[in-house]
Structures are given as structure tokens and as C-alpha cells.
Amino acid sequence: MGAGDPGGRIPSGGRSLREEAGDMATTEGAAARPIKQPGALSGRVRRLRDHFFRGVARPWRNEFECFTTGTPWDVVYDEATYYIVPETYPFLQTFRSSTLQAARPVPLPDGFFDLSLPERRAWMIREVMVEHLPAEVLPGDLVAGGRFNVLASRCWTRREAAERDAALLGPRGARAATLWFHRHGYGNAGATSGHLVPDYERVLAHGFESIHADLDARLAAMPPADVRGAKGAQLRAMRTAATMARDLAARYAALCRDLAASEPDPDRREELRGIAANLDRVPWRPARTFWEAVQALWLTHMLVLADENYPGAGVSFGRVDQYLLPYWRRSIAGGMDPGFGREVLRCFWIHCNTAYDAMIRVGGNQGITAGFGQLLTLSGLTRDGSDGTNELTHVFLDVIDDMTPILEPKPNVRLHRDSPDSLLDRVVDQVARSQGAPFLLNFDERSMAGMLREAARAGVTHLIHEANVADYAPVGCLENTMAGNDRSGTVDINLNLLKAVELALTGGRDLLPATDPLTGVADPIRQDGPATGDACRFATFDEFWAAYATQTRALVKRAADLYERTEAVRARFGPTPYLSCLVRGCAEQAKDVTRGGAELSFVTVEGVTFATTVDSLLAIRHLVFETRRCTMADLIAALRDNWEGHDVLRAFARNRCPKYGRDDDAADGMARRVMDLWTDEVWRHRTASTGRRMRPGMLSWNYWVGDGFVLAASPDGRPKGQFLSNAICPTNGADSLGPTANANSVGKALGGHAEDGRGDWRDWLCSLPNGASHTITFNPALFRDEAHRERFKACLRGYARNGGTALQVNVLDPSWSAGAWSARPGPAPSRPARSRSSASTTPCLRSTARSGRDHRCARCASSDPGLLSSARDGALRGASERFGALRSASV
């Protein structure tokens with residue numbers, strides 16, 4: 001057999017996640033609310049699912065496999081794509097050395113290094129995937145394609161490797177500059193991979209044969225000078241890459257036939273022959289059936305992950321219920337049992353999760369607890385303005401419910417004001433039972449407004465307009481892009497907006513020395529930002545605002561300049577010819593996607609620490625200029641002392657100052673002012689090497705937690721070491737008036753509504769085309785009966801009108817989160833993973849299961865005004881902060 005034991009069974013041993021979850025459900029402290037378990041899965045899918053969760057105990061895993069040209073200067077680990085992950089900085093050199101040491105040499109053809117870099121890279125990835133990587137088919141699986149996590153040679157010549165290293169390494173290189181930027185609290189930046197929706201719809205409809213023919217035609221029509229130059233080299237590389245899916249499919253088809261020849265079970269034998277027949281056709285030629293379409297989608301997708309050498313982050317599937325619908329209907333009309341279609345999708349689910357195998361041995365099974373963001377999008381408006389919910393939408397929701405808890409792919413449901421009740425009922429039901437597993441909601445009206453603002457600001461109204469903006473799809477978590485022609489990154493630059501407040505207080509100098517955590521050596525404080533003057537001499541808040549605005553503009557420029565250093569390196573040394581086949585614009589311009597070949601090519605600047613910044617500005621205005629509770633010198637001294645010895649002033653900063661998130665027009669006006677300032681500045685910048693325009697978004701990933709230890713204390717009362725605000729969420733504990741006030745503040749910060757009705761889309765305004773992550777955590781008590789669920793549905797409809805672009809709803813019972821896992825002896829099994837954007841705002845801490853009474857925070861009580869809000873209890877608020885910090889630290 002291709003995998004498993006000699007008898008064709010998935011190896012047994014250990015206990016299934018279902019069994020362990022059953023133990024959890026009966027653990028003292030969690031018995032009142034059992035943990036979500038998978039649905040009624042078939043024996044096939046249950047075995048596949050349990051096999052995946054055996055993790056490192058499996059006989060084979062889709063771990064990184066390394067391949068080299070065998071040259072002494074070779075590199076297989078591209079560190080620059082990880083510059084946005086500061087925790088990797090101490091290990092970058094080790095990763096580079098160890099991956100090269102583990103690499104197997106690939107015999108090279110004569111004249112290999114005479115080829116252009118894109119042609120070398122295309123040949124290498126195809127050779128590795130088709131000829132050198134093992135191929136397996138798990139027993140019972142209905143979809144082929146098991147190994148794709150590779151670290152393959154970057155294929156540089158000696159000179160290219162030296163030039164690339166000169167740009168990145170050494171005390172003046174991009175690596176050191178990025179580390180300095182992070183250590184001093186500015187954020188992080190780097191040209192990273194993933195974060196797009198490839199043109200999967202084209203592959204299903206026309207096949208790679210059509211893509212290959214198009215490349216042939218373009219080469220034939222190209223002037224001879226271009227054929228000999230970079231353009232011809234790029235198209236030849238893409239043409240080589242376009243054959244990879246065909247040749248790998250043929251290899252898997254042969255494997256399936258070999259397995260069928262020795263398969264004793266006649267039903268399984270026919271399944272293997274069916275998989276082989278599918279692979280004989282797709283993805284080289286157009287798919288005809290639903291089974292073929294899902295097979296083509298998976299094989300095409302997994303090769304994107306191989307080409308970028310990056311395990312799945314933000315490479316999303318787009319609007320699957322829309323472009324797979326014709327194949328579903330055709331197959332149902334042709335006699336396919338709907339249950340079989342669901343079974344194919346469940347197998348597809350398992351394959352998506354194998355992206356986690358890349359680093360599965362990092363800390364035992366901890367390699368499968370992160371979030372790779374292979375997002376799929378369901379429902380939403382269509383081009384004609386109607387709702388796109390269809391029968392396949394509900395099939396996907398069925399499969400999601402059956403497979404949960406599991407990690408990938410992440411579901412995102414697009415809602416709007418007229419989403420049908422049948423869809424909302426399903427969403428509310430599944431959210432209620434999700435227990436912390438990501439369930440992401442994007443809202444069309446505000447999201448489309450943001451995309452249309454992008455079109456206007458960047459001059460691409462011919463590519464994004466009223467007639468096609470409904471085709472947008474989120475990637476990763478919630479970040480909005482167009483599908484098939486858009487490489488806009490979504491975590492390229494992560495900017496700590498709060499740093500500008502610190503620099504305005506100090507006249508452009510760090511408040512505290514930045515210390516290297518490895519050596520303990522502190523950098524000398526110097527003039528890093530503009531010299532905006534002594535803040536103690538400012539007589540009005542407007543003077544302070546002017547200094548803050550100057551520092552913000554300088555902060556954005558500094559981040560853009562830093563990003564350019566890795567963007568230029570990627571553009572020159574990091575082609576991805578296969579992915580370029582799947583992004584419109586690359587073939588037309590004969591330009592790789594890494595060089596800005598996509599029709600839509602942006603760099604996204606993500607604003608981090610937004611609410612902490614807003615609340616800090618509100619505190620400065622209130623304490624220093626309005627109430628004169630303290631002088632500017634008093635405030636600066638308190639921040640340098642990390643608030644120690646300044647308890648009274650800190651209490652005023654935390655509890656008596658206005659806060660964003662309470663539907664307070666004055667406070668939310670400050671939020672809008674901050675939003676307009678930094679987003680307008682972002683639009684002014686573009687990359688020099690690739691000409692990519694910069695655009696704003698708000699996704700804090702997990703930086704809002706870790707960077708709390710980097711940034712100095714802030715004027716809102718936060719000490720150094722306490723986490724910051726997440727994305728567009730209010731600071732933890734500030735949203736004391738419930739979810740409606742919280743959502744209204746978010747909507748106003750994004751722009752609200754145009755009074756004259758002429759917004760970015762209809763009367764909606766939106767400053768963030770990439771979207772804004774907004775997370776609220778609820779107690780399950782909110783969903784306890786039909787009346788409460790109807791109120792939550794109304795809340796979602798209201799959010800579409802007045803809220804933001806996206807919402808992640810987490811449903812957690814603290815007795816489950818804090819009690820069940822800690823009560824169980826030994827290591828916890830893999831838990832439902834939370835999205836990288838997930839965070840708690842004000843968690844509901846009192847479980848109704850323990851007391852039989854309804855103790856809920858203000859956001860829950862807002863659905864029933866007769867209930868007393870426990871969020872006003874000071875002791876509970878303190879517990880909320882401690883619980884939030886503990887839980888956030890584990891994200």
C-alpha cells in the first residue's frame with residue numbers, strides 16, 4: 001500500500017481526538033458544557049481524521065524535505081519571508097545551516113547555471129515535486145496529493161548568492177535593520193509569501209493545457225530581443241511550471257492503479273481507479289465533475305505551497321461555493337449521490353490540514369496548533385446584487401460542522417443586510433457551538449466600500465468597480481483582495497501606531513533604552529524620529545497633535561523604506577513561476593508575481609495598537625490639557641517609571657478618561673482622526689523596485705501581545721509588558737457598554753456613512769481596503785435558547801449596517817478554557833486552533849453552568865437590558881484583564 005500498514009489500514013495506537021475530547025467533556029469543571037465533537041463521520045473519514053491528529057506518531061508526515069543543487073554556496077531556506085515573525089530572528093542562521101545540511105542533492109542538467117534564474121527555479125521545483133518527493137495515498141482517501149512541504153534550492157549562482165547575502169546579512173543588512181526596527185518598538189516588515197487567491201477558477205474551467213498554450217502563443221508573438229531577454233526567460237519558466245501539475249497527476253494516477261491492482265476490496269478498488277481516471281484528466285484539462293474539480297483544486301493549490309516554499313499562510317481558495325457550484329449541479333444531475341460529494345469534501349479537508357506537518361516536530365505536536373489561513377469563502381452578494389447563498393453553501397457548512405474541531409481550511413462567511421434567514425440560522429448555530437474554533441464573518445457593504453476606495457486612491461477603477469467588486473474574497477483571516485489577479489500581501493508591514501505617541505512625548509527619541517534580549521546590551525538613546533520639540537512646552541493639545549502627526553508620517557515612511565530592502569531582494573532573487581501562472585497580469589506583462597506582475601499589486605501596511613494609540617491620545621488631552629490633572633512632565637515621568645509610584649494618576653488614566661469602543665462620538669472622533677492620518681500617509685508610498693502601491697489594513701496577528709513587552713508604558717495606563725489593543729478592537733475592558741456600542745465605534749472609526757449618500761459604496765465609507773479585524777468573545781449563555789439566538793441574528797444584521805468589515809465571534813466558557821485542560825493530567829491534545837487575528841475583548845467570566853444564574857458582561861446584557869451588567873464590577877474587571885492576558889499569551 002502507498003501508506004499505512006501492510007494490511008491497508010491506517011495504523012492504530014494511541015487514542016483518537018474524539019476519545020480524548022470525551023474525557024474532556026467529563027472532566028470536573030467542564031462537565032456542564034461538553035466540548036464540541038465531530039459529526040457523524042463515515043468510518044473512512046473518521047480514520048483519516050484520527051490519523052492526522054496522531055501527529056508525530058504517524059509513519060509518515062508531510063514535513064519539510066530539503067533539496068540542493070549541491071553547490072557549496074547553495075541556500076534552501078529563504079529567511080527574508082520570515083522577517084515579519086520576530087521570534088524567528090535568533091534562529092535564522094541556524095535554520096539556514098541546518099536545512100542545507102539536511103538537503104539531498106538533485107542532479108542538474110548540463111548548462112543549468114547558464115539558464116536564467118526563473119528558468120532554473122521552475123526546473124528545480126518541477127524536478128523535486130515530480131521526480132524526487134515521495135508519493136502516498138492514504139487508505140480510503142478520495143483525493144490524491146500528499147507531499148508538498150519542500151525547501152528546495154533557491155538555484156542562485158555563486159555571484160547571485162553573494163549579492164543577495166550582501167543585501168540581507170551583516171551589521172548594515174536588511175536582517176539587522178529589521179531587528180532594530182522591531183526591538184525599538186516600531187513593528188516589523190518584510191516581503192513575505194502567500195496571502196492571495198490564485199486563479200483556481202480558471203484552472204477548473206480551462207485546465208493548465210490552456211495556460212500552457214497561452215504562454216506558447218505569447219512567446220511566439222514576442223519580438224526576438226524580448227525572447228532572448230528577461231521577458232522571454234520569464235515566459236519559458238512559466239511554461240515549464242505549467243507542466244508540473246500534469247506530470248505530478250500522472251505520477252499519482254500510476255500509483256493509484258498500482259494500489260488498485262493489489263486491493264482486495266472491490267469497492268476500494270473502484271475508488272482507486274476513479275481517482276486515477278480523474279488524474280488522467282485534471283488539472284491539465286478542464287474538470288467535468290465535482291470529484292474532478294475538487295481533485296484539480298487540491299493538486300493546483302498544494303503546488304502553490306511548494307512553489308513558494310511557505311506552508312500555506314494565506315493562500316486561500318476564494319469563493320468556493322460559487323465556482324464549484326456548476327460542477328456540483330452537473331454531477332448531481334448525472335447521478336452523483338450528494339453524500340459522496342460530501343465525502344470528497346471531507347477528504348479535501350484532511351489534505352488542507354497536512355500543511356501543518358511542515359514543522360510538526362517543533363515541540364512535539366505543537367506544529368499543528370498554529371494558523372495557516374487557507375481560507376475558503378461562502379455566500380455573499382453577487383455581481384447583480386443578489387444573494388449568493390446556494391445549495392453548495394449549505395453543503396460546505398455541513399462539512400465544516402461535521403469536521404470541527406479541526407484546523408483547516410478556515411471558514412469565512414460573507415454576510416450582508418439581506419442575507420437569508422436560513423444562512424444566518426446556520427451561522428448562529430455553528431458559532432454557538434464553535435467553542436473557540438475560528439469562525440470568521442466578512443460584511444459585504446463595508447468591505448466593498450474599502451475595495452472601491454482602493455480603486456479610486458490607486459487609479460485602478462478599470463480593475464475594481466461597481467460591476468465586479470462583489471467578486472472580492474478575504475485571504476488568511478479576513479483580509480480583502482480580488483481573486484485571481486491580486487497580489488496585495490496582507491502582513492507585509494506591521495506598524496505599531498503607538499510608537500508615534502511615544503516619539504511625540506520625547507521629541508523623537510525612545511522613552512526607554514532598547515535592550516537586546518539575547519545579549520542584554522542596551523542601545524544608546526538617540527534622535528531617531530523628527531525633532532518635534534519639548535512636549536512639556538506645548539500649551540494646547542493641538543500642538544501635541546501636530547507633533548504626533550509629524551511622528552506618524554515619519555513612522556510610515558521609515559517602515560516603507562525598510563520594507564523596500566526586502567522587496568527589492570525578493571524581486572531579484574525569489575521568482576515563483578508556477579504561482580505566476582495563476583495570477584492574471586503576469587503572463588500579459590511577462591513579469592513574475594514577485595516583481596509586481598499581478599494586475600493588482602499592493603503592499604499592505606497593517607496598523608497595530610490602534611485603540612491603545614487612540615486611548616493614549618484621549619488620556620493626554622483629558623489629563624494634561626482639559627482637566628489639568630497632571631502636567632506633561634508628570635505624565636512622562638510616570639511612563640518612564642512604568643507607572644510605578646504613580647498609582648493615582650494611573651487610576652485616572654485607566655478609569656476616568658474617555659475610551660474608544662463605547663459609542664462616544666467625541667472619543668470615536670479621535671479614532672477617526674487617527675485613522676485618517678495614518679491611512680492617508682500610507683497611500684503616499686510605493687516600492688521603488690516593483691512599483692507596488694501601499695494600502696492600509698488592520699490585522700494585528702499576534703504582535704499586539706508580544707510587542708507589549710517591547711513598547712514602553714502608554715498614557716492610557718498600560719504598563720510595559722501588558723498586551724496592547726488588537727487590530728480595530730477596543731482595548732480589553734474598555735468596551736463596557738456592550739457589543740452594539742463596540743461595533744458602532746468600529747464602524748465610525750472606519751468612516752461611518754456619508755451624509756449625502758455618496759460614500760465609497762452607496763453611503764458606506766471605509767478607510768481600510770484590506771479590512772479590519774474585529775473580535776468579540778461571548779459566553780455560550782448568549783445562545784442558550786431561540787429568543788437569544790434571534791437577538792444575535794439581529795445583532796449581525798445591525799453590524800452589516802453600522803459595524804466594520806469583519807467580525808470573528810469566539811464562544812468560550814472560561815470553565816472549559818481554564819478548567820478542563822488544566823485539570824487533565826499530562827499534555828493536552830491538539831485544541832481547536834484560533835485564527836491569527838483572534839483575540840478577546842472583554843470576556844464573560846462567570847459561567848452560568850456553575851451558579852445557575854445569569855452573570856454576564858455588558859455585551860451580553862445588552863441583548864437583555866433587564867439584566868445587571870457584571871462588567872461594571874471593578875473586581876471582575878481586574879479578573880477579566882488577567883484572564884484575557886493569560887489567554888492571549890497562548891494565542
Side-chain angles (χ1 to χ4, degrees), residues 48-49 52 62 64 81 143 145-150 192-201 203-204 293-321 323-324 344-360 367-378 396-397 399-400 403-414 437-440 442 473-481 483-484 486-487 489-491 576 578-579 582-583 699 701 771 806 808 830 832-838:
L48 289 170
R49 188 181 181 283
F52 169 73
N62 180 34
F64 275 135
T81 199
V143 177
R147 301 276 190 113
F148 54 86
N149 282 332
V150 297
T192 193
S193 302
H195 306 97
L196 80 169
V197 180
D199 198 357
Y200 293 140
E201 187 171 4
V203 173
L204 301 190
V294 173
Q295 176 65 77
L297 177 60
W298 171 247
L299 204 66
T300 303
H301 175 79
M302 69 174 245
L303 289 174
V304 174
L305 309 187
D307 191 37
E308 290 215 302
N309 286 188
Y310 199 64
V315 180
S316 298
F317 294 103
R319 305 187 71 184
V320 288
D321 63 337
Y323 65 75
L324 285 176
V344 169
L345 283 179
R346 294 182 185 108
C347 291
F348 170 80
W349 241 251
I350 300 296
H351 281 266
C352 291
N353 282 272
T354 61
Y356 289 90
D357 284 9
M359 295 171 281
I360 195 169
I368 58 171
T369 61
F372 285 133
Q374 298 168 94
L375 197 68
L376 57 83
T377 304
L378 303 175
F396 270 99
L397 289 170
V399 172
I400 292 166
M403 297 298 290
T404 301
I406 202 166
L407 306 166
E408 298 282 334
K410 302 289 190 297
N412 186 302
V413 179
R414 278 177 42 180
F439 208 101
L440 305 157
N442 270 56
V475 300
C477 295
L478 53 96
E479 308 98 291
N480 295 326
T481 71
D486 191 344
R487 179 58 178 275
T490 53
V491 290
T576 51
Y578 175 80
L579 176 60
L582 301 172
V583 181
L699 171 69
W701 202 341
Q808 178 175 318
S830 301
R834 298 177 67 197
S835 160
R836 65 184 181 189
S837 65
S838 78

Which word best sums up how the rings of Trp349 and Phe396 line up, parallel for under 30°, tilted for 30 to 60°, or perpendicular for over 60°?
-> tilted
With sequence neighbours left out, the residues meeting side-chain contact (heavy atoms from CB on, under 4.5 Å) with Ser316 are Val197, Leu375, Val475
Ignoring hydrogens and angles, tell me if any N or O in the side chain of Asn149 forms a donor-acceptor pair with the backbone of Ala306 under 3.5 Å.
-> no
Counting N and O atoms only, with roles assigned by atom type, does the side chain of Glu201 sit under 3.5 Å from a partner on the main chain of Tyr323, one being a donor and the other an acceptor?
-> no
Of the non-hydrogen atoms in Arg147 and Asn62, which two are nearest, and what is the gap between them?
-> CA-OD1, 3.3 Å
Shortest non-hydrogen contact between Ala296 and Leu204, atoms and distance = CB-CD2, 3.6 Å
Answer yes or no: is there a side-chain heavy-atom contact under 4.5 Å between Leu440 and Pro474?
-> no
Just how far is it from atom OG1 of Thr354 to atom CG of Asp357, taken to the nearest 0.5 Å?
-> 6.0 Å
Take Val143 and Ile350 through the side chain to side chain contact (heavy atoms under 4.5 Å, CB included) test and state the conclusion after the steps.
-> CA-CA 10 Å; Val143 177; Ile350 300 296; over 6 Å; no
Sequence-distant partners of His301, ring-ring contact (aromatic ring centres under 6.0 Å, His included), two or more places apart = Tyr200, Trp298, Phe317
Can you sort out the partners of Glu308 under side chain to side chain donor-acceptor pair (under 3.5 Å), two or more places apart, ordered by chain and number?
-> Arg487
Please lay out, stage by stage, how Thr377 and Arg414 fare under the test side chain to side chain contact (heavy atoms under 4.5 Å, CB included).
-> CA-CA 7 Å; Thr377 304; Arg414 278 177 42 180; 3.6 Å; yes
Any donor-acceptor pair under 3.5 Å from Asp321 side chain to Leu378 backbone | no
Is any side-chain heavy atom of Leu376 closer than 4.5 Å to a side-chain heavy atom of Lys410?
-> no
Enter the distance from Phe64:CZ to Asn309:CG here, rounded to the nearest 0.5 Å.
-> 7.5 Å
When you measure from the side chain of Glu408 to the backbone N and O of Gly373, does any donor-acceptor pair fall under 3.5 Å?
-> yes
On a heavy-atom basis, the closest approach of Pro411 and Ile400 is CB-CD1, 3.5 Å
Hey, does the side chain of Tyr578 reach the backbone of Thr300 with a donor-acceptor pair shorter than 3.5 angstrom?
-> yes
For Arg49 and Met403, indicate whether the former's side chain and the latter's backbone hold a donor-acceptor pair under 3.5 Å.
-> yes
Residue set satisfying side-chain contact (heavy atoms from CB on, under 4.5 Å) with Thr192, at least two apart, ordered chain then number -> Thr81, Ile84, His195, Tyr310, Val491, Asp492
Side chains of Gln374 and Leu305: closer than 4.5 Å at any heavy-atom pair?
-> yes
Got a sec, which residues hit side chain to side chain donor-acceptor pair (under 3.5 Å) with Asn412, two or more places apart in sequence or on another chain?
-> Asn442
Where do Thr576 and Val304 land on the side chain to side chain contact (heavy atoms under 4.5 Å, CB included) test, with the steps shown first?
-> CA-CA 9 Å; Thr576 51; Val304 174; over 6 Å; no
Can you name the residues that form a salt bridge (Lys or Arg N to Asp or Glu O under 4.0 Å) with Arg319, not counting sequence neighbours?
-> none
